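Below is one structure, written out as structure tokens; the observations come after it.
The figures here come from the full heavy-atom set of this structure, side chains too, leaving out hydrogens, waters and symmetry mates. On a predicted model such as this, the values are computed, not experimentally measured, just so you know.
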Amino acid sequence: MDIFEINSKSKLLPVSMANVKKKYLTLGLLNARSLNTGSEELLLSVEINSPDILAINESWIKPGEEALAPAIPNYRFLHRARQGMRGGGVGFYIRQGITSKVHQHPISLLEQLWLEVQLPNATLAVGTAYRPESVGVSDALDAISESIHSMARCNYTCILGDLNIDLSRSDSIKAQELINFCKQHNLEQLIKEPTRITDDSETILDVVMTDSIARCRHVHVIHNRCLSDHAMVLVDFDIKKPKLTKRVRSQRNLNDLDLELFRADLQLIPWESINTLDHVDEMLESFNIYLLTLFDVHAPIKNIVYKSKPKPWITSLIKFMMSLRDKAFLKASKDKTDSSKEYYKTLKNLVTSATEREKKAYFNSTINSMTHAPSILWRNIRNVVVSDNIHSNPIPDHLNDPDKINYHFLDLPPVNATCGSQTVKINNDKTNTYTEFNLALTTESEVLKVINSIKTKASGHDELNIDMIRLTLDATLPIITNIVNKSIETLTFPTCWKRALVRPIPKKSSIDSLKDLRPVSILPVLSKVLEKIVLDQVRKFVDLHNIIPKFQSGFRRGHGTETALLHITDDLTEASDRGLTSIMVLLDYSRAFDCLPAEILLHKLKNYNFSTEACKWFQTYLCGREQMVVTEGNDGQRKFSALKPLTRGVPQGSLLSPMLFTLFTADMPSCFKFCKYHLYADDTQLYYSFKGKNTIQAIEDVNADLARIYNWSTTNSLALNPAKSKMLVLGTKQQIKYVSVCTERIKINNVDIEQVASARNLGINIDAEQKYIEHVNMKIRSAFFKLKTLYKIRPYINEELRHTMTELLVLSHFNYCSSVYSRRINSYTEKAIQRVQNACIRFCYNIPKRDPITPVLNRKGILNMRSRMELQYAGLIHRIIWNKTPAYLFEKLTWYQQGSKHLRSASLNMIKIAPHTSARYRGCFKFAAASIWNDLPPPLRLKGSVGSFKNKYKSALLKKQLAAENVKHSYLKNLSLKPYLQAVVNKKRN
């Protein structure tokens, strides 16, 4: 397809971009006037013109909402939002294969973003800038000058942007300032034609300035009013660029298996020969060879080239119609006749209506009709809705070295040279008082249950995944069971299963160093079967003998972050009600799971009465492990690092690791002499409550406990990090003052702990007065962001799907730990949460802006947010009471006793409400549990499943909600306004 440019003589010249884009580096500029609209037009324009780097001005993307920008296939998006005001924002779309990094330029009021682009034979400085009217021309040019000088080491420089200076009026003062600036900096401004054409004017507002004019080959000004009222500007430079490589992925296609032939060959394999082998490694090696050989025949690995396609509803016919529309616009701009303008408008409307019809047809066939197949439904939704905060971003070439990445991941804090199993003393009164733990053999039914529970589809270095295993279970289930039992019998963990495949995952959109990568360890899928069998046996043993500390909530049934936070916040609230100030310290360990020494862990297991045989199995499980890093290059090919040994730590991605770490830290509570504490895996919180007059003594006590914790950590070779640990002072404003005026500080190893007004703890932002305003605001902001994303597809999905998506993607943000904050927030914050649900209901059911929401909630059987959180809390209380887990929350409840003066309350199984002095006490667990439980109808207080209880209680809450609406409606109906209106009329007359 031809693209048309306007040359200096205003002729329409067809330009064949097919050859240009292959040979030259192409830089582009678009003042988008909001990326939130016209995404189809942007995708098609980029697909046709293929710029290597496209600068975007006026993106109108808010900070943190980069995911709202259209995702363009084979491009990554970098962005810098305008701060403090709506509008503005600059960014880049960068083609796959172009190596670039963001360059930090001097701070100024000018909106700008700079890239350092590494090309095969040169380094290019590419900047984009947008000047708001509030920024003076001189200030803007000074800022650009400083940025240019900061990137002086680059071979070439190119600035693309909209400086709001009309260069078509070259005699104006602003234009002369820009022209003189270009001369002073040896720059050439390349755009000579109008870049913004309206019915009344033609202006040159967009500029491309470069110091490499000799390498400039073509300048294209491409107008598309449906994309923006600014033209897309493309400049071709005679600079060698990397090729756009194909993304290749190697995989087996199991869907095309001939199952009859496959099962026939499966039965021909001599599986029983594996059982005759003496060593588990030999058994596993033979098993893998047989399995891989079978699948190599029936589902061989193939290299699949992944082609990213534009939106599927942009058909060839619509593309052709768009090209006719754009030609009509250029002709109308040239002729300026009514007939040509009318012809352009007709084509424009025709393209819009055709695109809408195609889009609705696509959604009806692939999304609305797929509610019966959730996996297909959500896969199709992900194809058309970008919901990730970070766009897909490959690792830059200069960092994509698997060996260097592997070395970085293995670079751990140093080991304490004096630590060892001989120096560790375990202070636990439960050791050596019960029978030994021994590993027991398993059965085929247990192995089958574990295999069916595995959800991961990933394959480790052995190239086997769970789908391949399940296809062969008719023949291999007895063999897998025998391999598991052979490992237990011979006290040997298979060597093949101790090799991890590590994939580095970006933490953020711009990868500047190896610190921006997070390791994801993938172990062979069958190793999870053996680990789960052993884990279940270990869990039964430690639960039976109460080895795990009472206040350790990590990875335990009936425990979780919510119960841990309820325990902590209940203690803190009760202390404040009694007039006490509290200090809470959140400890941070550097890579705790990776630093754990196997020798000390085995010593502790032996002290917890793990038998010698069991310890030997765990020794083979922990020792001799290796890992390799695998990355994908820009060509899609995988790169592997050399295998490196793991000398410390429990294996990442293992099912056993959390339990082993919990056992390793089971003796940590012996360090706490003054403070209360709560543990969640490696997250450690300690808190201390005291009278204000005893502040100095309280700080001394906290520091004494922290000194013991630091010594314990050092002895156990864990790296406690004072720099990242936080300290909060909690209570009322008056109670907090006592600590703020004190000169003593909380310290770890003589390093002051930072005191903060709020801190994130187990996913909740806790503030000094426990009002949770900041936490709720973050949830609301995230929810509205998700809802804004969904509005893009609202016209094309049905009501049922809208409701499902808002429940799962928007309102679910408020489910996490709602019991912690729901009864502590003020009425204003509660109304703010309800506004989110109101917006969701309007989104789902097209409710007009002024219409009330409550009638719709009642008609659809939907609880409002207050009742919704009350239901969540009631379900948690029901589970705690009848399961008596966790014990630290169940023991907080005090029941009316039979035979007391409160005989009726006792017979109704009711909870006492403890005396208190302040309204803030009503937010703690003790009060909430008593008030919610006692208000339940007696039949709902009976023992039963949580699901059944919540269904019944939801019905009760809906009836209560409907009754409240009827009362309000009756009140408004009976309320007579005539006396008030008559009074107003009389007042005006007088």
Side-chain angles (χ1 to χ4, degrees), residues 36 62 65 67-68 360 363-364 367-368 370-371 374 377-378 381 384-385 387 775-819 821-822 825-875 950-951 953-973:
N36 294 315
K62 296 179 182 178
E65 296 188 356
L68 289 177
K360 287 180 180 178
F363 272 82
N364 286 332
I367 294 178
N368 289 328
M370 289 295 171
T371 52
L377 170 68
W378 288 105
I381 288 175
V384 296
V385 181
S387 59
H775 174 77
V776 172
N777 287 342
M778 289 175 59
K779 294 291 184 183
I780 292 173
R781 186 160 54 248
S782 177
F784 275 126
F785 168 72
K786 294 287 188 181
L787 188 61
K788 189 175 181 180
T789 304
L790 293 179
Y791 260 101
K792 293 184 176 183
I793 61 172
R794 173 188 172 181
Y796 313 107
I797 56 178
N798 56 41
E799 281 189 0
E800 179 186 357
L801 191 54
R802 289 179 200 167
H803 177 74
T804 301
M805 294 181 72
T806 53
E807 282 291 327
L808 295 178
L809 301 178
V810 182
L811 297 179
S812 61
H813 283 249
F814 300 96
N815 292 345
Y816 178 73
C817 293
S818 61
S819 60
Y821 65 84
S822 60
I825 56 178
N826 55 34
S827 59
Y828 177 81
T829 307
E830 187 177 292
K831 289 178 182 177
I833 295 176
Q834 185 58 45
R835 277 197 289 270
V836 177
Q837 188 184 39
N838 293 350
C840 289
I841 296 299
R842 296 188 192 281
F843 169 85
C844 293
Y845 305 110
N846 294 324
I847 308 300
K849 185 177 180 181
R850 301 293 181 185
D851 286 9
I853 295 297
T854 304
V856 181
L857 294 176
N858 291 327
R859 190 167 62 250
K860 298 290 183 179
I862 302 172
L863 293 175
N864 59 36
M865 292 305 289
R866 173 190 283 183
S867 299
R868 180 189 177 111
M869 290 188 285
E870 193 83 349
L871 178 63
Q872 291 284 110
Y873 209 157
K950 292 180 75 171
N951 288 334
Y953 190 42
K954 181 180 179 181
S955 299
L957 289 173
L958 283 172
K959 290 180 182 178
K960 184 178 179 181
Q961 185 173 290
L962 180 60
E965 182 199 2
N966 292 336
V967 169
K968 182 179 179 181
H969 180 73
S970 300
Y971 172 75
L972 293 176
K973 186 176 180 180

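- Residue Lys62 qualifies as open at atom NZ: its count of foreign heavy atoms under 6.0 Å is 12 or below.
- Defined by atom type and a distance below 3.5 Å, a donor-acceptor pair is missing between the side-chain atoms of Asn815 and Ser818.
- The CD1 atom of Ile793 sits 6.0 Å away from atom CD1 of Ile381, with the distance rounded to the nearest 0.5 Å.
- Of all non-hydrogen atoms in Gln837 and Leu863, the two that sit nearest each other are NE2-O, 2.8 Å.
- Proximity of Leu801 to Leu377: side-chain heavy atoms (C-beta onward) are separated by under 4.5 Å at one or more points.
- Here the side chains of Phe843 and Lys788 are not in contact, with every heavy-atom distance at 4.5 Å or above.
- Between Leu787 and Arg842 there is no side-chain heavy-atom pair separated by less than 4.5 Å.
- For Cys840 against Val810, the heavy-atom pair with the smallest separation is SG-CG1, 3.5 Å.
- The two residues Ser819 and Tyr873 come nearest to each other via the heavy atoms O-CE1, 3.5 Å.
- Heavy-atom minimum distance, Arg802 versus Cys844: NH1-O, 3.0 Å.
- Contact detail for Tyr791 and Ala839: the closest heavy-atom pair is OH-O, 4.3 Å.
- Few gaps surround NZ on Lys792; more than 12 heavy atoms of other groups in view lie less than 6.0 Å from it.
- The distance from the CD1 atom of Ile797 to the CG atom of Asn364 is 11.0 Å, given to the nearest 0.5 Å.
- Minimum heavy-atom separation, Gln834 to Leu857: NE2-CD1, 4.4 Å.
- A 4.5 Å side-chain heavy-atom check between Lys860 and Tyr845 finds at least one atom pair inside the cut-off.
- Put simply, the residue from Asn864, Ile847, Val836 that forms a side chain to side chain contact (heavy atoms under 4.5 Å, CB included) with Ile841 is Ile847.
- Residues passing the salt bridge (charged side-chain N to carboxylate O under 4.0 Å, His left out) test with Arg794: none are found, sequence neighbours excluded.
- Taking His775 as the reference, Tyr821 meet the ring-ring contact (aromatic ring centres under 6.0 Å, His included) condition, with sequence neighbours excluded.
- The NZ atom of Lys779 sits 15.0 Å away from atom CZ of Phe784, with the distance rounded to the nearest 0.5 Å.
- Here CD1 of Ile833 is found 9.0 Å from CG of Asn777. Values are rounded to the nearest 0.5 Å.
- In this structure, the side chain of Gln961 engages the main chain of Ile862 through a donor-acceptor pair within 3.5 Å.
- Counting non-hydrogen atoms of neighbouring residues, nucleotides and ligands closer than 6.0 angstrom, the CD atom of Glu800 reaches no more than 12 such neighbours.
- The NZ atom of Lys960 sits 7.0 Å away from the CD atom of Glu870 when rounded to the nearest 0.5 Å.
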Handout entry: Derivation and outcome, side chain to side chain contact (heavy atoms under 4.5 Å, CB included), residues Ile780 and Arg835
Key = CA-CA 9 Å; Ile780 292 173; Arg835 277 197 289 270; over 6 Å; no

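- To the nearest 0.5 Å, the span separating NE2 on His803 from CG on Asn798 amounts to 12.0 Å.
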